[in-house]
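Reading through the structure tokens given below for one structure.
By convention in this document, chain letters (A, B, ...) are assigned in the order of the sequence lines, proteins followed by strands, and residues within each chain are numbered from 1. Atoms considered below: every heavy atom in the structure, side chains included; atoms not considered: hydrogens, waters and symmetry mates.
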Amino acid sequence: MEAFHLLSRGGVQFDKHKYNKDVQLFNSTRGSDKGKSADRSAVGQLPAELDFFKYAAAPESTSTKRKASEAGDAGRTEKKKKQRQGEDRDVDEDEDAESAPEDPSSSTSPPMPRHKVTTKGSNVPPHAETFEALRERYSIPSHIMSNLKEYGYTVPTGIQSYGAPILLESRDMAAISPTGTGKTLSYLLPVMTALGVPASSAKSGAGAGVRAVVLAPTRELAHQIHNECLKLAQGRKWRIVLFSKATAATLADKSVRDKVDIIISTPLRLVAALNSGHVELHNVRHLILDEADRMLDSEFLSQVREVVDACTHDNLQKAVFSATLPAGAEKIAMDMLRDPIRVVVGLKDTPLPLIAQSLTYVADDPSKLPTLLTYLSQPYNPPVLVFASSQPRATSLAEELVLHAVPNVDCLHAGMTKKEREDAVSRMRRGESWVMVSTEVMARGMDFKGVREVINYDFPQSVQSYIHRIGRTGRAGREGKAITYFTDEDAPYLKSIANVLLQSGSQVPEWILKLPKPSKLKRKQMGKVKRAEAVNPARRVGRSEAIKKRDMIAGSQRRKERVRMVPEVPQEEDRRSTGEEPVS
DNA sequence: AAAAAAC
């Protein structure tokens, strides 16, 4: 009823006064970006999703200034900087990060936080300080080099400068590098270099069948990797296939599938194609597991094993990547790899120090919604990513926010249709979502570089989940903010999360640190805590009704697009690297 | 160590 009124007057209203400050910020950053976007016009034709080279593009100054506008945050920003400097002194031995003084653009590039890099294994190849050094050593194809250059990609990140040589020397690798530090390029660049020329090329002696496979845990992430791969591939006729029902069907023709160079897929999708005989993997020479710990946990493991076993080529190179790799998963990974090199960038299982993390006590579940509404009624930095623990809770929360007239609310979980999911992602990419409510599906790998705040509405189920969730912000050298709500019921797990905050330089109230270590019994109880499906207990809705309301949320989004009161892209970094007009 | 995601 209430929702109907909202929708009938044209969707959620935009409160200019409330968000005035943000609008001004958007405007001012746009202007300052003029010169830069001009020289990137050549890539303007690319869809917004093809947003690969963002790591090169973020001027740090804007994020710092932006934060400074919030008095409360200013002090913390300063503190963060000091901490970062302190960390450099302590652990930095990675000197390549600033080693391109001859490059004029390096002064505007954000200094990627410098991390200690440790390697373990036999005959570790030396790291490469620049992409040019990589090219000289391993003859990176010229079209790849020019793609890097064209997008202003100048200095490799830690994992790129250490990891790429290892892969280029055909070694197996387990790579652990924090969220938002460019892991994807660190494997795509070597794999595409090793493939040499596309299989469709006449002079290719590639043999028949796909030669590289990348596995990722969610459709959205596979899609994102595919887009990044397409960018590197520009200028050559690579056949890079994002696996879906539709593309799998097109591969029924053997002459088509024999010319495919790279497949990017979720595990089950690929296993299904394997079983139906629509794909063979005996020619695969490079197998990459992204988000490796997720891929190796119990639900995915057997599927991943099937794929690995189907890759029977003698020279199969395997590599696994993640920001987190718990001991159990690492053991499984190491057993899969032969003579592996293990690379750790930064401190294992520690988020980036430039994410300002905090914990907020909310007593019980019903108190969360008012807390969030209050938070969103004050100026905040959109877009905000809000994590809920289940699909119904995500739906219900998004619906509550819409009913309370929060502007530009969006929802994304795996219970939605493929198209709904794709639409939600592209609204997010275009900066049209201000508050994105989601489940774990968005927790890993997704690179919305504009995300400035993460709110854990529901407490994360594990330290790994926490690290990946908050890693959706603070990407590629930018600052970010992460707030985690906790209730009395979450107490057993609170301390382990608090330790993560401490390790990465955020403050934790004294009393939380004094909590006893959770006992095994308590942990078991944790699992038994069942949260209500509806976020607002006063408004319980049935499943079918929830879906209807979700559609209404989507409807209100469409309406708003017409009204166009929202800045198309919330900040200059997005504007620069997404190009001008996204091709839907 | 548990929910979500994978078709």
Legend entry - T218(A), nearest nucleotide to its side chain (from dA4(B), dA1(B), dA6(B)): dA6(B)
Inset, instruction - Using whole Å, report how far CG of L289(A) lies from P of dA6(B). - result: 17 Å
Inset, instruction - Taking all heavy atoms of A222(A) and all of S265(A), pick out the closest pair and write down the distance. - result: CB-C, 4.4 Å
Inset, instruction - Can you sort out the partners of F486(A) under ring-ring contact (aromatic ring centres under 6.0 Å, His included), two or more places apart, ordered by chain and number? - result: Y361(A)
Legend entry - Ring centroid separation F321(A) to Y187(A) under 6.0 Å: yes
Inset, instruction - Could you tell me the separation between the NZ atom of K245(A) and the C1' atom of dA6(B), rounded to a whole number of Å? - result: 11 Å
Legend entry - DNA chain B contacts made by residues 293-304 of chain A, counting heavy atoms under 4.0 Å: R294(A), E299(A), F300(A), Q303(A)
Inset, instruction - Choose from dA4(B), dA1(B), dA6(B) the nucleotide whose nearest atom is closest to any side-chain atom of P326(A). - result: dA1(B)
Inset, instruction - Check the distance between dA3(B)'s C1' and R393(A)'s CZ and give it to me in whole angstrom. - result: 13 Å
Legend entry - SB check D290(A) R444(A) (cutoff 4.0 Å): no
Legend entry - Sugar-phosphate only, base, or nothing, as touched by S462(A) at under 4.0 Å among non-hydrogen atoms: base
Legend entry - Pairing residues for D261(A) by the salt bridge (Lys or Arg N to Asp or Glu O under 4.0 Å) criterion, not counting sequence neighbours: R211(A)
Inset, instruction - Salt-bridge test for R452(A) and E479(A): reply yes if a basic N is under 4.0 Å from a carboxylate O, no otherwise. - result: no
Legend entry - Between dA4(B) (C1') and H413(A) (NE2): distance, integer Å: 11 Å
